[in-house]
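Presented below is the structure to which this report refers.
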Amino acid sequence: MESPFKSFGREVSALLCKAYGSLGLDAEPVVETPPDPSMGDSASPCFNLAKLARKSPVALASGIANAIRGMERDTVYRVEAAGPYVNFFINEERVVEMTMDAISKEGDRYGVLPPTGNKVILEHTSANPNGPFHVGRARNPIIGDTLVRIFRKAGNEVDAQFYVDDMGKQVAILAWGVNNLKPGDITAVEREKHDHKLVVYYQKANALMGEDEKVKAEIHDLLRRTEECEPEALDYVTSVYTGVLEGMVESMERMNVRVDSFIPESNVVKDGSTARVIEALQKSGYAEKEPDSKAWGVDMAQFGVTGRSTKFYFVRSDGTSLYATRDIAYHLWKSEHCDRMVNVLGEDHRLEAKQVAECLKLVGAGKLPEVVFYSFVSLPEGKMSTRRGRVVFLDDLLDEAVGRAYDEVKARRGDELSEDEMRRIAESVGIGAVRYNIVKVQPEKAITFKWEEALAFDGQTAPFIQYSHARCASILRKAKEAGALSKPDSGKLFHPSEIDLVKSLAKLPDVIGEAAETCKPHAVATYAYEVAANLNVFYRDCQVIGSGEFEGARLSLIGAAKAVLANTLDTLGIDAIETM
RNA sequence: GGGCUCGUGGUGUAGCUUGGAUAUCACCGAGGCCUCCGGAGCCUCAGACCGGGGUUCGAAUCCCCGCGAGCCCGCCA
């Protein structure tokens, strides 16, 4: 069923078109949201009509409003001319009825859109499995997983894919290090997780490679063998990186991030698709061979790329493929297995993504990926750098957040909750705070990591939203204990705070749909806060339990708000807890 | 040198796609609110569209020129 605001929006446009017609105005109506709710739910400015009709916008507005007042209406309750604007007020009774009805029918599934029949392959994280996540890299799984959840709620079948770079330099260095260095060569780490224990081998091997020609030669030999997909070489690196990957998966799982498929890069070499991509590019007419070399490239200048070098190579002088070549093959494969491709990439991949996209066109791909780029997270003292030891590991951030959440719960409710309950709540609150803090900001904005912001539990944060949800749960529990028998009656909802809350609940399906359409996870984060804030205002203004004839309606409203908060939090991958 | 992205109160941030009325919200700061369903809450006050041009009746929003920050310009990934 269509959401109240969608119906309203369509009706407003239709009414305006009819009014324009009856007044002989040949123009496309403009509809916008007024700055203040007291001015209505939608508005149409009449400035652009002034020239056309040779009348003042003020006169036009009142003429249009008068014309519309005579028309039959459904969700549009009131039409008013206010200066040069025509303001439309939604029929609040209908909004309440439609929304409460939908929520009571659909329950937890309210906000889940009907199936689109589309399959979406959403690639995210795809980090080199050579060490633990730091908070910069953590932006990828959080944005990615939130998008996965958004797309699922928007009615799509989604495959969340992690493209594992098993042929690259990073894993080769790691593998060499693990197999050639002794524990005495490296500095010990406290954490038992494999990604933390193994990354030090990578770091040491990386350093040695720069000093020792023999090491460099051995690593390059290994790299050459993995690039040729020599089975022993691939097994060799795989046996090492799986340990790191396990550690990374563990961190992701702790954050409620789940990947459906791990696709090793070597797949697209083994199955011959990379070779086919190379051939297709060579025949495309846009590629050229380097003289006296097997190397091939496409000059990207013809596609608007500028800079010191515009040449994009897809075959090396020794005839082997490059990372981007294989990435094209991978994307070609994806394009044949889904209706929509979405990638979450760091901003450093912008040029590569452009090169891949242009080449996909050249080889006749049916569709191109939609890419969400995110900017990097830096520290107040500068760029994050693993080499210089200037990093904050994700695991440390999660531990710290959960620890602080634990202190908070213990201080508030230490005497009524069991140790186990407090631990569970702390985990949900701490993890939620971290996820929300990262996802609430537009991906393309750079973030400077500050502990006090990452660990904030009040204001626009996950704990605030979780708290609102728990508050609903608490009221419903209390009502049940008190044996509240009041019948739901949405006709009894008319306090302004009740209406505001219902209006925000009504938006959920639109918010999900729009977030999926525009790939904007932060829109859901903003919405979650809006609902929670409206809930708290309602809570302040309206007594629920013991409110007599209003009790039934208000209990339903609390139930509806709880369902929306739970569903919205779930979309953000944050636990909707019953108590905290 | 060239390109891409970003720039909104002290700090962080929404709005920018599709120009429109008084620019959203949070943190910090100042002041206030529990005999009442959970104070991780609520209320009041203070404070911002990087600069300059242009388009327009109208620009945070579109265009151009600057400035500042990030990222990229490898037969690496």
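First the proteins, then the strands, lettered A, B, ... as listed; each starts at 1.
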Exercise for review: Could you tell me whether A/Gly307 contacts a base, only the sugar-phosphate backbone, or nothing, with contacts defined as non-hydrogen atoms closer than 4.0 Å?
Suggested key: base
Practice item. Describe the nucleic acid contact of A/Met39 in one word from base, sugar-phosphate, nothing, applying a heavy-atom distance below 4.0 Å. Key: base
Check your understanding: So what does A/Glu514 hit on the nucleic acid, given a heavy-atom distance under 4.0 Å: a base, only sugar-phosphate, or nothing?
Key -> nothing
Check your understanding: Which is true for A/Val305 with a 4.0 Å heavy-atom rule: it touches a base, it touches only sugar-phosphate, or it touches nothing?
Key -> nothing
Exercise for review: Please work out if A/Ala533 contacts a base, only the sugar-phosphate, or nothing of the nucleic acid, heavy-atom cut-off 4.0 Å.
Suggested key: nothing
Exercise for review: Classify the nucleic acid contact of A/Tyr529 as base, sugar-phosphate or nothing, counting any heavy atom under 4.0 Å across all strands shown.
Suggested key: sugar-phosphate
Check your understanding: So what does A/Ala43 touch, heavy atoms closer than 4.0 Å: a base, only the sugar-phosphate, or nothing?
Key -> base
Point to revise | Nucleotide paired to B/rC62 in any strand shown, Watson-Crick or G-U, under 3.5 Å | key: B/rG54
Check your understanding: For the residue pair A/Tyr323 and A/Tyr163, does the interplanar ring angle fall in the parallel (under 30°), tilted (30 to 60°) or perpendicular (over 60°) class?
Key -> tilted
Point to revise | Salt-bridge criterion met for A/Lys294 and A/Asp318 (N-O under 4.0 Å) | key: no
**Study point:** Ion pair A/Arg554/A/Glu498, N-O distance below 4.0 Å
**Key:** yes
Review point. Do A/Glu290 and A/Trp296 get their side chains close enough for a donor-acceptor pair, meaning under 3.5 Å?
Key: no
Exercise for review: Measure the distance between the ring centre of A/Phe464 and the centre of the six-membered base ring of B/rG41, then answer whether it is under 5.5 Å with planes under 30°.
Suggested key: no
Check your understanding: Do the numbers put A/Arg78 on top of the ring of A/Phe88, so that NZ or CZ is under 6.0 Å from the six-membered ring centre and no more than 45° off the axis?
Key -> no
Check your understanding: Is a donor-acceptor pair below 3.5 Å formed from side chain A/Thr306 to base B/rG2, judging by atom type as modelled?
Key -> no
Exercise for review: Under 4.0 Å between any heavy atoms, over every strand shown, what does A/Lys383 touch: base, sugar-phosphate, or nothing? Just pick one.
Suggested key: sugar-phosphate
Check your understanding: What distance do A/Thr226 atom OG1 and A/Arg224 atom CZ have between them, rounded to the nearest 0.5 Å?
Key -> 9.5 Å
Review point. Can you check whether A/Phe47 stacks with the B/rG20 base, using ring centres under 5.5 Å and planes within 30°?
Key: yes
Study note, to complete from the structure: For B/rU5, the nucleotide meeting Watson-Crick or G-U wobble distances (both under 3.5 Å) is B/rA69
Check your understanding: With sugar-phosphate meaning primed atoms plus P, OP1 and OP2, does A/Glu352 contact a base, only sugar-phosphate, or nothing at under 4.0 Å between heavy atoms?
Key -> base
Review point. Which one is paired to B/rA46, where only Watson-Crick or G-U wobble pairs with both distances under 3.5 angstrom count?
Key: none
Exercise for review: Determine: side-chain N/O of A/Gln442 to OP1/OP2 of B/rG15, distance under 4.0 Å, yes or no.
Suggested key: yes
Practice item. Can you tell me the pairing partner of B/rC27 across any strand shown, Watson-Crick or G-U wobble, with both distances under 3.5 angstrom? Key: B/rG10
Review point. Which part of the nucleic acid does A/Asn87 contact within heavy-atom distance under 4.0 Å: base, sugar-phosphate only, or nothing?
Key: base
Review point. With respect to the phosphate group of B/rC72, does any side-chain polar atom (N or O) of A/Lys354 fall under 4.0 Å of OP1 or OP2?
Key: no
Exercise for review: Tell me what A/Phe376 touches on the nucleic acid: a base, only sugar-phosphate, or nothing, going by heavy atoms under 4.0 Å.
Suggested key: sugar-phosphate
**Study point:** Phosphate OP1/OP2 of B/rG74 contacted by A/Arg316 side-chain N/O (<4.0 Å)
**Key:** no
Review point. Relative to the ring of A/Tyr374, is the ring of A/Phe376 parallel (under 30°), tilted (30 to 60°) or perpendicular (over 60°)?
Key: perpendicular
Review point. Touch check for A/Arg554, heavy atoms < 4.0 angstrom, all strands: base, sugar-phosphate only, or nothing?
Key: nothing
Review point. Using atom P of each nucleotide, how far apart are B/rG7 and B/rG54 to the nearest Å?
Key: 24 Å
Practice item. Kindly say whether, by distance alone, the side chain of A/Asp348 makes a donor-acceptor pair under 3.5 Å with the base of B/rA77? Key: no
Check your understanding: Does any N or O donor sit under 3.5 Å from an N or O acceptor when you compare the side chain of A/Arg308 with the base of B/rG1?
Key -> yes
Check your understanding: With nearest nucleotides of RNA chain B determined for A/Ala523 and A/Tyr313 from heavy-atom distances, which residue corresponds to the more 5′ nucleotide?
Key -> A/Ala523
Review point. Of A/His349 and A/Glu408, whose closest RNA chain B nucleotide lies nearer the 5' terminus?
Key: A/Glu408
Review point. Rounded to the nearest Å, what distance is computed from the CZ atom of residue A/Phe303 to the C1' atom of nucleotide B/rC73?
Key: 17 Å
Check your understanding: When all nucleic acid strands are considered with a 4.0 Å heavy-atom cut-off, which category describes A/Asn48: base, sugar-phosphate, or nothing?
Key -> base
Review point. Can a side chain N or O of A/Tyr163 be found less than 4.0 Å away from OP1 or OP2 on B/rA77?
Key: no
Review point. What interatomic distance, in whole Å, is found between C1' of B/rG51 and the corresponding atom of B/rC33?
Key: 44 Å
Review point. Would you say a side-chain N or O of A/Arg540 is under 4.0 Å from OP1 or OP2 of B/rC43?
Key: yes
Practice item. State whether A/Ser309 places a side-chain N or O below 4.0 Å from either non-bridging phosphate oxygen (OP1 or OP2) of B/rG74. Key: yes
Check your understanding: Across the strands shown, which category fits A/Cys542 at heavy-atom distances under 4.0 angstrom: base, sugar-phosphate, nothing?
Key -> base
Review point. Any donor-acceptor pair under 3.5 Å joining the side chain of A/Thr579 to the base of B/rG38?
Key: yes
Review point. Is the phosphate of B/rC75, meaning OP1 or OP2, less than 4.0 Å from a side-chain N or O of A/Lys294?
Key: no
Check your understanding: Which whole-number value in Å describes the distance from A/Asp458 CG to B/rG12 P?
Key -> 18 Å
Review point. So does A/His522 get a side-chain nitrogen or oxygen closer than 4.0 Å to the phosphate oxygens (OP1/OP2) of B/rG15?
Key: yes
Practice item. Inspect the contact between A/Glu400 and A/Arg404 and indicate whether a charged nitrogen and a carboxylate oxygen are less than 4.0 angstrom apart. Key: no
